[in-house]
A.B. asks: 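Okay, here's the structure, questions in a sec.
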Amino acid sequence: MAEITLIEAVTQALAYEMQADKDVIVLGEDVGVNGGVFRATAGLLEKFGPNRVLDTPLAESMIAGIAIGMAAQGLKPVAEIQFMGFTYPALDQIINHASRMRNRTRGRLTCPMVVRTPYGAGIHAPEHHSESTEAIYAHTPGLRVVIPSSPARAYGLLLAAIRDPDPVIFLEPSRMYRLVKQAVPDNGEALPLDQCFILKEGRDITLVSWGAMLHETMQAANTLEAQGVSAEVIDVATIKPLDIETILASVIKTGRCVVIHEAVKTCGVGAEIAAQISEKALLNLQAPVLRVTGYDTIVPYLKMEKYYLPSEARILNAVHQTLEFA
Amino acid sequence: MTIVATFSVEYTQFLDPQGKPTQPLPNFATNCEELVELYRRMVLTRVFDAKAVVLQRTGKMGTYPSSLGQEAVAVGLGNAMRKEDVLCPAYRETGAQFQRGIKMSEILAYWGGDERGSCFQANQDDFPLCVPIGTQSLHAAGIATAFKIRQQPRVAVMVCGDGATSQGDFYESVNLAGAWNLPIVFVVNNNQWAISVPRSAQTHCQTLAQKAFAGGFAGEQVDGNDVIAMRYVVERALEKARTGGGPTLIEAITYRLHDHTTADDANRYRDKAELNKAWELEPIARLRHYLTAQGHWSEGEEAKWQAACSQQVEQAVQEYLAIPAPSLTDMFDYLYAKLPHDLIEQREQVIAEAKLGGDNHHG
Ligand SMILES: Cc1ncc(C[n+]2csc(CCOP(=O)(O)OP(=O)(O)O)c2C)c(N)n1
Ligand SMILES: [Mg+2]
């Protein structure tokens with residue numbers, strides 16, 4: 001089987017589900033003839049026609065807003081926003097309407113919609129193209145926030161997101177789009193939402209991350225292995241709702257935890273994970289939970305972004321602090 | 001110089017403020033039963049609004065936005081719509097909602113602070129009221145997109161105020177409706193005020209109808225205090241949309257005779273003289289004058305109908321007051337199709353902690 005990239009896995013999942021379910025509609029800016037600015041929707045217009053692949057006018061609030069109307073009518077819109085930094089005009093529609101339509105109408109109207117967007121730094125993109133503000137969405141009741149970190153998980157999680165009866169914010173780490181290839185059978189099998197994935201088992205410390213940062217986190221875990229430290233690596237994958245049980249079980253086993261994310265530190269999802277660990281497993285901890293994150297700054301432009309993003313060295317540094325905590 | 005495009009805005013009125021026809025009435029209005037029905041619905045809406053304000057003032061309900069003076073807008077458009085069409089209202093369309101199967105007690109429950117007020121037991125598809133100004137215009141555009149994709153002969157109707165036409169979402173939906181030739185009707189209830197901001201301060205446009213031109217389709221004005229005109233132009237726009245003719249924007253000229261809501265005091269910013277003048281234009285007296293002159297309505301019928309309305313509203317109030325309190329856990333149980341595991345603990349917590357007392361209720 002040919003190996004595919006994360007972005008190709010996204011396309012494969014979209015095509016599979018559009019074929020399987022005629023209510024699935026792809027919409028967004030440049031998603032038609034152009035196949036999306038990253039080519040996530042390449043070939044879909046040719047295959048499914050202009051009634052299923054909607055090239056919209058340039059307005060993000062509109063894209064989210066009409067997805068709500070379409071979803072309320074029983075369609076399953078999968079909207080693409082070109083970059084996370086351009087989801088902000090749609091926040092009003094997502095927070096004030098999509099996330100709460102089911103609650104407001106006590107289940108009469110629902111929003112089975114997906115908003116897909118590339119996110120994160122490290123692709124030398126212009127200003128506003130490197131955001132990782134997933135915490136905004138994770139802070140919103142009624143939403144699911146799902147972040148794949150590999151081609152296989154992109155395929156399986158996107159299928160699950162489209163099939164989910166509630167709104168899902170699907171954040172695709174743009175740095176991972178073409179970084180690795182994997183064989184991903186096009187069998188329509190979804191992966192479970194609301195569950196962490198254990199990428200590597202270990203005894204001495206738990207490393208928790210998601211999205212593109214799992215690349216550096218896995219590198220660090222392999223380096224540690226060579227140094228005789230056995231690290232368990234958890235891909236959170238769905239950051240809202242959070243599968244804290246899997247994280248707790250690991251931390252209870254290892255007694256040590258470092259959370260790695262590229263979003264800013266303050267009020268990041270790492271803070272929530274650390275708080276829940278301290279609420280529920282304080283006495284199992286051998287050391288404080290540390291966070292390796294982006295700094296509380298605007299993501300620097302491309303010249304300096306590598307100093308913002310957590311590196312393997314920064315992760316190892318935090319791991320050693322944790323291991324050496326008296 | 002050459003002129004590359006010209007635009008014009010039509011204004012439709014059939015009855016003047018004294019109830020005298022200004023032109024031959026449309027076909028449906030030659031049927032006196034239909035006119036009496038429109039009249040009755042406007043009166044019912046007014047009686048309901050007045051009662052809702054009293055409920056708020058006596059602490060039996062939360063804030064309420066009365067539609068006093070704007071009954072013709074809601075009743076006219078609600079009457080023109082078909083059951084299978086979908087209404088995306090703002091919050092002054094009570095008179096339309098009644099005609100769409102939404103119960104008075106549901107509307108009271110909503111303003112009484114109960115989410116179940118938007119269950120709409122007899123209406124599956126209409127959207128609930130929309131508080132974030134103008135956002136509903138995009139929902140209507142999305143609904144219209146669904147109708148178009150599925151080739152259903154249905155129309156989405158969105159209603160908003162004059163203030164809402166300044167919102168980005170309004171422009172975005174107008175633009176999309178034109179670009180995709182959507183089956184949608186925009187009704188702008190121009191009641192001259194957005195809380196304390198007058199229409200003149202909202203935009204330099206001569207009309208709000210002309211905002212349709214930016215979307216490439218027709219915008220028109222209608223006397224929003226003339227229910228015959230209201231029903232006529234909305235029905236025409238609906239039929240156009242239903243048969244593939246695309247969107248229309250209707251600016252209904254009316255006046256907000258009440259405060260913005262029960263939480264507002266318009267005396268702070270509005271001239272009494274302006275209000276008194278507006279009372280001379282209101283929609284109910286106008287149609288009553290016409291019906292009476294035609295011999296289709298009398299003082300006796302008026303008294304009987306007023307009493308019937310009061311009785312119907314009173315019954316709805318009793319129904320509303322008898323609705324049992326919502327369940328404590330409802331706040332969790334409708335967030336997602338299935339309660340996510342991370343909320344199970346908090347759901348149990350709310351039950352346990354409610355028993356601790358010391359809640360935040362000061363009412
Ligand atoms: C986005 C947003 N901004 C502000 C408000 C507060 N607000 C409620 S009603 C209103 C005025 C709306 O005026 P208009 O659109 O003319 O409708 P009307 O109330 O006159 O029917 C404002 C500013 C709001 N609900 N939503
Ligand atoms: Mg107004």
A.B. asks: Please look at A:Ala67 and chain B and tell me whether the side chain, the backbone, both or neither of the residue comes under 4.5 angstrom of a heavy atom of that chain.
C.D. replies: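 No part of A:Ala67 comes within 4.5 Å of chain B.
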A.B. asks: Between B:Gln121 and chain A, with a heavy-atom cut-off of 4.5 Å, which part of the residue counts as in contact: side chain, backbone, both or neither?
C.D. replies: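 For B:Gln121, no heavy atom lies under 4.5 Å from chain A.
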A.B. asks: Taking every heavy-atom pair that is under 4.5 Å apart, which of B:Met331, B:His341, B:Lys148 has the most such pairs with chain A?
C.D. replies: B:His341
A.B. asks: If you take all heavy atoms of B:Gln124 and A:Arg108, which pair is closest and at what distance?
C.D. replies: O-NH1, 2.9 Å
A.B. asks: With a 3.5 Å distance limit and no angle check, can you tell me whether B:Tyr336 reaches the backbone of A:Leu143 through a side-chain donor-acceptor pair?
C.D. replies: yes
A.B. asks: Could you work out, with salt bridge (charged side-chain N to carboxylate O under 4.0 Å, His left out) as the rule, every residue matching B:Arg82, not counting sequence neighbours?
C.D. replies: B:Glu84, B:Glu239
A.B. asks: Can you sort out the partners of B:Phe127 under ring-ring contact (aromatic ring centres under 6.0 Å, His included), two or more places apart, ordered by chain and number?
C.D. replies: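 In terms of ring-ring contact (aromatic ring centres under 6.0 Å, His included), with neighbours along the sequence ignored, B:Phe127 is linked to B:His139.
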A.B. asks: Would you say that B:Thr145 contacts A:Leu54 through its side chain, given a criterion of any heavy-atom pair below 4.5 Å between the two side chains?
C.D. replies: yes
A.B. asks: So for A:Asp194, is it side chain, backbone, both, or neither that comes closer than 4.5 Å to the heavy atoms of chain B?
C.D. replies: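 When you check distances to chain B, atoms from both the backbone and side chain of A:Asp194 fall under 4.5 Å.
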A.B. asks: Just checking A:Glu279: does its CD atom have more than 12 heavy atoms from other residues, nucleotides or ligands closer to it than 6.0 angstrom?
C.D. replies: yes
A.B. asks: Measuring heavy-atom distances to chain B, does A:Gln276 have an atom under 4.5 Å in its side chain, in its backbone, in both, or in neither?
C.D. replies: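 The answer is neither part of A:Gln276.
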A.B. asks: Could you give the distance from CZ (A:Arg106) to CG (B:Asp114), rounded to the nearest 0.5 Å?
C.D. replies: 7.5 Å
A.B. asks: Does any backbone or side-chain atom of A:Thr110 lie under 4.5 Å from a heavy atom of chain B? Answer side chain, backbone, both or neither.
C.D. replies: neither
A.B. asks: Looking only at side-chain N and O atoms, does A:Asn103 offer a donor or acceptor that is under 3.5 Å from a partner on B:Glu115?
C.D. replies: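 Checked: B:Glu115/A:Asn103 side chains show no N/O donor-acceptor pair below 3.5 Å.
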A.B. asks: Quick one: what part of A:Leu58 sits under 4.5 Å from any heavy atom of chain B, side chain, backbone, both or neither?
C.D. replies: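 No part of it gets close to chain B.
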A.B. asks: Taking all non-hydrogen atoms of both residues, which atom of B:Pro128 and which atom of A:Leu109 are closest, and how far apart?
C.D. replies: CD-CD1, 3.9 Å
A.B. asks: B:Asp342 and A:Leu242: which non-hydrogen atoms are nearest, and at how many Å?
C.D. replies: CB-O, 3.6 Å
A.B. asks: If you apply the rule side-chain contact (heavy atoms from CB on, under 4.5 Å), what do you find for B:Asp169 with A:Gln93, and how did you get there?
C.D. replies: CA-CA 9 Å; B:Asp169 280 4; A:Gln93 288 290 346; 2.8 Å; yes
A.B. asks: So what's closer than 4.5 Å to chain A heavy atoms on B:Asp333: side chain, backbone, both or neither?
C.D. replies: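 Neither part.
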A.B. asks: Less than 4.5 Å apart, any side-chain heavy atom of A:Ile68 and any of B:Leu138?
C.D. replies: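 No - every pair of side-chain heavy atoms lies 4.5 Å or more apart.
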A.B. asks: Atom CD of A:Gln73 and atom CD1 of B:Ile149: how far apart are they, to the nearest 0.5 Å?
C.D. replies: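 One gets 11.0 Å once the value is rounded to the nearest 0.5 Å.
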A.B. asks: Which region of A:Asp92, side chain (C-beta onward) or backbone (N, CA, C, O), has a non-hydrogen atom less than 4.5 Å from a non-hydrogen atom of chain B, or is it both or neither?
C.D. replies: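 Only the side chain of A:Asp92 comes within 4.5 Å of chain B.
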A.B. asks: In terms of heavy-atom pairs under 4.5 Å with chain A, which of B:Ala337, B:Cys130, B:Pro340 leads?
C.D. replies: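 Greatest number of close heavy-atom pairs with chain A: B:Ala337.
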A.B. asks: To the nearest 0.5 Å, how far apart are OH in B:Tyr334 and CZ in A:Arg102?
C.D. replies: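 Rounded to the nearest 0.5 Å, the OH-CZ separation comes to 10.5 Å.
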A.B. asks: Which bit of A:Lys240 comes within less than 4.5 Å of chain B, counting heavy atoms only: side chain, backbone, both or neither?
C.D. replies: side chain
A.B. asks: Would A:Asp23 and B:Arg150 pass as an ion pair if we require N to O under 4.0 Å?
C.D. replies: yes
A.B. asks: Looking at chain B, which one of A:Pro57, A:Pro50, A:Pro165 has the largest number of heavy-atom pairs inside 4.5 Å, strictly under?
C.D. replies: A:Pro57
A.B. asks: When heavy-atom pairs shorter than 4.5 Å are enumerated against chain A, which of B:Leu343, B:Asn175, B:Asp330 gives the highest number?
C.D. replies: B:Asp330
A.B. asks: I want to check something: taking the side chain as every heavy atom from C-beta on, are A:His97 and B:Thr135 in contact at a cut-off of under 4.5 Å?
C.D. replies: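 They are in side-chain contact.
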A.B. asks: Flag the one option from A:Thr56, A:Leu193, A:Ile244, A:Leu27 with the top tally of heavy-atom pairs under 4.5 Å to chain B.
C.D. replies: A:Thr56
